[in-house]
Number of protein chains: 2
Amino acid sequence: MKKNITIHDVAKHANVSIATVSNVINGTGRVSQNTLNIVNNSIDKLGYYPNISARTMKKKSSNLISVIVPFQNEKGNLHDNPFYWNLVSGIEKVSRKNKFQVVLTGVTGDNDLSLNFIKERNIDGVVIIGASHNATLVKETKSLAIPSVFVDSYLMDEEVYQVFLDDEQGGYKGIKFLLDQGHKHIALIGGNKEINGVMKERFEGAKKAFAQTDITIDESIYIDVPVSMEGGYDAGEIIINHPKITAIFCFSDVLAIGLMKYLSEKKKRIPDDYALIGFDNISASQYTTPPLTTISQNTVHKGEVTANLLIDQIMNNNDIKQKKIILPISLIERESTSYL
Amino acid sequence: MKKNITIHDVAKHANVSIATVSNVINGTGRVSQNTLNIVNNSIDKLGYYPNISARTMKKKSSNLISVIVPFQNEKGNLHDNPFYWNLVSGIEKVSRKNKFQVVLTGVTGDNDLSLNFIKERNIDGVVIIGASHNATLVKETKSLAIPSVFVDSYLMDEEVYQVFLDDEQGGYKGIKFLLDQGHKHIALIGGNKEINGVMKERFEGAKKAFAQTDITIDESIYIDVPVSMEGGYDAGEIIINHPKITAIFCFSDVLAIGLMKYLSEKKKRIPDDYALIGFDNISASQYTTPPLTTISQNTVHKGEVTANLLIDQIMNNNDIKQKKIILPISLIERESTSYL
DNA sequence: TATTTTTGATTAAACGTTTCATCGATTGTG
DNA sequence: CACAATCGATGAAACGTTTAATCAAAAATA
């Protein structure tokens with residue numbers, strides 16, 4: 001078992017005290033140019049690297065960021081949706097640039113909801129993705145009293161840092177677009193819209209668009225399914241049994257992709273039989289046939305914004321303008337929609 | 001600033017020594033049922049949780065697993081491919097079950113190739129994904145001399161723990177399938193096949209399938225593009241300029257999805273004009289039109305296997321049968337192929 | 001009963017840092 | 001020249017565990 005090189009070894013080698021070595025490593029205190037060189041030289045020569053656990057213990061800060069992904073299903077896997085990967089990608093990238101590392105943790109139900117590790121490890125900040133459905137998780141996180149950012153969670157809580165999309169505007173624009181094209185009977189497919197969350201917001205936006213016309217939303221239908229390709233596929237049956245429907249707004253691209261399969265199996269044509277809009281602009285959405293008109297969000301960017309907001313808190317940047325960051329959306333018109 | 005509850009506080013509260021408390025926490029040493037109850041009671045009452053950094057320092061083990069994803073591109077983002085997310089999902093799940101947490105780290109080129117954090121944090125084990133292209137990374141990792149598993153890396157190194165797919169068999173089965181259907185001119189699309197790695201293996205398998213027939217592989221073509229939807233799309237132009245080609249084998253589903261878009265834009269029909277096979281069986285592949293015939297791997301499962309192999313090493317399970325685990329593939333026939 | 005073994009618990013050192021208080025030497029001021 | 005201020009460096013305590021060595025009391029053995 002090879003013995004670790006410690007700060008003591010460096011101190012001995014450089015003929016200085018460990019305090020001086022520590023100062024050199026951290027750029028703290030006062031140290032002359034001369035000893036600085038000597039110490040750095042010793043560090044190189046010995047191949048010294050600091051022990052972060054010791055540092056963490058002393059400083060009560062680990063330079064670790066925890067990203068928590070709650071599960072919708074019970075299989076224990078992370079969501080099968082490219083959206084999450086892109087988000088995490090953005091978070092990881094910015095964190096890395098700022099010398100933080102990302103601990104990725106999935107939490108399932110309330111059962112194994114143990115955020116203890118955050119305190120145990122002196123984790124500096126935590127990102128929670130899509131916690132709307134999980135009140136316990138939110139409460140638990142708040143009680144940690146460490147820097148945190150909730151993504152896509154729609155918490156009615158001014159105290160809390162949040163990043164989300166202008167989902168309402170997204171819902172609005174999607175429906176407005178379809179209405180402008182002359183559609184009158186529009187199906188909406190999404191997850192549970194009763195809970196505060198992205199689905200509810202998108203739906204609220206949709207309602208607003210309807211309200212601006214003389215078409216009442218009652219002529220439409222909302223189909224509540226699991227947000228996955230399979231869910232979208234399953235929703236297809238309901239769609240084709242509603243004879244009047246001419247357009248569909250899926251509150252997630254994965255839903256739209258699943259639905260397209262069902263419709264294509266039933267020989268329905270897009271956009272001829274049904275105009276179709278998705279949400280998220282995952283990269284697959286431009287590769288469907290036809291390419292999917294969708295509400296675009298830059299998910300990697302969202303992750304970057306999230307990480308920055310978190311790190312600003314950690315660093316005590318008091319020039320944080322706002323606790324809530326709402327990212328804009330835009331509608332990308334592709335070929336799954338066209339004028340009637 | 002609230003003071004942390006330490007093992008000392010618990011000891012005082014329970015009227016025992018800190019050593020006893022430590023024994024209770026870890027289930028080590030001898031402690032009577034009576035004091036066990038008392039101590040546990042104190043722990044609950046005080047809301048004590050151990051400080052993992054202190055423990056890590058003493059035990060030289062952090063219960064942390066590092067997952068390293070090398071980048072192909074220079075944008076600094078993790079690969080935009082659902083494959084990776086599924087893999088990480090499997091790793092995270094098994095790790096969590098075994099009380100390990102996952103640190104996710106992207107490394108770009110050789111420039112910022114700093115694996116120092118692994119030693120600095122006493123990380124217990126490391127998973128490296130797709131390191132074939134990155135010799136420095138491999139060398140660096142080996143020099144760490146800690147438990148490690150390379151995924152999809154094809155290292156010619158018997159010392160090293162590896163998990164990969166039976167890529168050669170995958171390449172073989174795909175081509176054999178097309179040849180059996182009567183195709184004679186087949187295009188292959190993949191990444192760089194000159195480096196040891198999944199692409200090379202798949203190509204080798206393909207060659208074997210050709211060798212069993214009187215059709216020579218020279219009548220085929222290999223198109224080397226970045227492994228992404230965009231790459232597949234770009235390959236399309238080459239395809240349609242090769243008049244004899246009747247079938248295409250994409251060494252990744254994302255390539256196939258990109259290609260399908262190009263072909264559909266050019267009014268080519270699948271499978272009528274081109275038979276098409278993908279690789280990976282990402283969930284999107286069954287939602288394309290037509291659904292994609294593909295070589296299937298269970299990527300979440302692959303992640304689970306990887307984590308188990310790593311944890312077995314960490315736990316010193318000497319009943320590890322083999323250092324190389326090759327996971328089977330199977331061909332899933334969908335509608336992007338059919339007999340001529 | 002005298003002696004050994006086992007049980008349950010304790011003491012104290014060690015893990016590798018950071019940081020505060022201290023201190024001698026050098027430089028600056030009036 | 002006497003004194004104050006600054007500079008560069010140090011010693012030692014503290015962070016919160018684990019664990020080896022030790023020990024008294026209780027139980028088992030002869």
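The model shown is predicted, which means the values in this text are computed figures rather than measured ones. Reminder, nothing fancy here: chain letters follow the sequence lines and each chain counts from 1.
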* Structure fact -> Between the NZ atom in B:K59 and the CD1 atom in B:I52, the distance rounded to the nearest 0.5 Å is 9.5 Å
* Roughly how far, to the nearest 0.5 Å, is the CD1 atom of A:I123 from the CD1 atom of A:I146? -> 7.0 Å
* the helix from C:dT1-D:dA30 to C:dG30-D:dC1: angle between its terminal axes, five pairs each, to 10°? -> 40°
* Asked: Rounding to a whole Å, what distance do you find between B:R30:CZ and C:dT6:P?
  -> 10 Å
* Donor-acceptor pair between B:Q297 and B:K302 side chains, under 3.5 angstrom -> yes
So which protein nitrogen or oxygen atoms get under 3.5 Å of nucleotides 15-23 of chain C's nitrogens or oxygens?
| from | atom 1 | to | atom 2 | distance (Å) |
| --- | --- | --- | --- | --- |
| C:dC15 | O3' | B:K60 | NZ | 3.4 |
| C:dG16 | OP1 | B:K60 | NZ | 3.2 |
| C:dT17 | OP1 | A:Y48 | OH | 3.0 |
| C:dT17 | OP1 | A:N51 | N | 3.2 |
| C:dT17 | OP2 | A:I7 | N | 2.7 |
| C:dT17 | O5' | A:Y48 | OH | 3.2 |
| C:dT18 | OP1 | A:N26 | OD1 | 3.3 |
| C:dT18 | OP1 | A:N26 | ND2 | 3.0 |
| C:dT18 | OP1 | A:R55 | NE | 2.9 |
| C:dT18 | OP1 | A:R55 | NH2 | 3.4 |
| C:dT18 | OP2 | A:S22 | OG | 2.6 |
| C:dT18 | OP2 | A:N26 | ND2 | 3.2 |
| C:dT18 | O2 | A:K58 | NZ | 3.4 |

* Structure fact -> Out of C:dT10, D:dT10, C:dA9, minimum distance to the side chain of B:S17 belongs to C:dT10
* Provide, to the nearest angstrom, the distance between the CG atom belonging to B:N37 and the C1' atom belonging to C:dG8. => 15 Å
* Asked: How are the rings of B:W85 and A:W85 set relative to one another: parallel (under 30°), tilted (30 to 60°) or perpendicular (over 60°)?
  -> tilted
* How long is the gap from CZ on B:F117 to NZ on A:K99, to the nearest 0.5 Å? -> 12.0 Å
* Under 4.0 Å between a side-chain N/O of B:S53 and OP1 or OP2 of D:dT17, yes or no? -> no
* To do: Kindly say whether B:I18 contributes a backbone atom to a donor-acceptor pair with the side chain of B:S22 at under 3.5 angstrom?
  => no
* Asked: Between A:N196 and A:S132, does any side-chain donor sit less than 3.5 Å from a side-chain acceptor?
  -> no
* To do: State whether the number of non-hydrogen atoms from other residues, nucleotides or ligands found under 6.0 Å of A:K12 atom NZ is greater than 12.
  => no
